[in-house]
S.K.: 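I have a structure I would like to understand better, so I am pasting it below and will then ask my questions one at a time.
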Amino acid sequence: MIIAVASDHGGFALKDAVKLHLLEKGIEVADLGTYNEDSVDYPEFGKKCAEEVASGKADKGIVCCGTGIGISIAANKVKGIRCALCVNEEMAEMASKHNNANMISMGGRILDTETALKIVDTWLNTEFEGGRHKRRTDMLDAM
Ligand code: RB5
């Protein structure tokens with residue numbers, strides 16, 4: 001499995017912590033930037049990561065900005081992307097179970113690293129339930 005990660009400056013430190021966490025678990029990571037805390041624009045990085053997932057180059061994507069909001073909006077503009085903004089483990093669980101989220105978004109200025117890494121693990125370890133939820137995610141994908 002390849003996971004693409006990206007952030008703006010507000011999510012840079014969290015993105016790097018997530019990257020390290022994934023590498024320690026033996027997961028291949030494609031780091032699409034940003035690579036320091038200089039100010040950049042989150043739409044560019046959300047789009048880049050989403051396109052990596054939508055094209056199939058990466059299996060899933062994780063994006064971070066200050067709140068996680070802007071970069072999730074950017075990612076969800078790309079067809080085929082279901083990017084879920086997560087602030088706790090329950091949201092991460094539901095993002096997989098009900099929404100089959102192929103990306104998650106988190107806020108570097110909102111979350112502590114420990115919570116963020118639990119969100120990542122919960123999202124990765126939870127299966128999509130399918131059934132009635134599949135009909136709804138199909139509706140999303142058709143938009
Ligand atoms: C950048 O200052 C900040 O606006 C951005 O990281 C993010 O929080 C936007 O949603």
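Every number for a ligand or one of its atoms is a count from 1 in the order of the listing.
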S.K.: With atoms numbered from 1 as shown, which atoms in ligand 1 lie under 4.0 angstrom from a non-hydrogen atom of D8?
M.R.: 1 (C), 5 (C), 6 (O)

S.K.: Taking atom NZ as the centre, does K60 end up with more than 12 heavy-atom neighbours from other residues, nucleotides or ligands that are less than 6.0 angstrom away?
M.R.: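 Enclosed: over 12 neighbouring heavy atoms sit under 6.0 Å from NZ of K60.
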
S.K.: What's the shortest distance from atom 1 (C) of ligand 1 to any protein heavy atom, and which residue and atom give it?
M.R.: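 That would be H9 NE2, 3.7 Å.
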
S.K.: Considering only the protein, which heavy-atom contact is closest to atom 8 (O) of ligand 1, and what is its distance?
M.R.: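 For atom 8 (O) of ligand 1, the nearest protein heavy atom comes out as T67 N, 3.0 Å.
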
S.K.: Of the protein's non-hydrogen atoms, which lies at the shortest distance from atom 2 (O) of ligand 1, and what is that distance?
M.R.: R109 NH1, 3.3 Å

S.K.: Quick test: of every protein heavy atom, which one is nearest to atom 10 (O) of ligand 1, and how far off is it to 0.1 Å?
M.R.: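 Looking at atom 10 (O) of ligand 1, the protein heavy atom closest to it is G70 N, 2.9 Å.
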
S.K.: Quick test: of every protein heavy atom, which one is nearest to atom 4 (O) of ligand 1, and how far off is it to 0.1 Å?
M.R.: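 Going atom by atom, the protein heavy atom closest to atom 4 (O) of ligand 1 ends up being Y42 CE2, 4.4 Å.
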
S.K.: Please say whether more than 12 non-hydrogen atoms of neighbouring residues, nucleotides or ligands are located less than 6.0 Å from CD in E90.
M.R.: no

S.K.: Take atom NZ of K25 as the centre, draw a 6.0 Å sphere, and report whether it contains more than 12 heavy atoms from other residues, nucleotides or ligands.
M.R.: yes

S.K.: What are the two closest non-hydrogen atoms of G46 and A74, and how far apart are they?
M.R.: CA-CB, 4.1 Å

S.K.: Are a donor atom and an acceptor atom from the side chains of D121 and H21 found within less than 3.5 Å of each other?
M.R.: yes

S.K.: Just wondering, are more than 12 heavy atoms of other shown residues or ligands nearer than 6.0 Å to CG in D41?
M.R.: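 No.
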
S.K.: At less than 4.0 angstrom from any non-hydrogen atom of G66, what atoms of ligand 1 do you find?
M.R.: 5 (C), 6 (O), 7 (C), 8 (O)

S.K.: Can you tell me which residue and heavy atom of the protein come closest to atom 7 (C) of ligand 1, and the distance to 0.1 Å?
M.R.: C65 SG, 3.3 Å

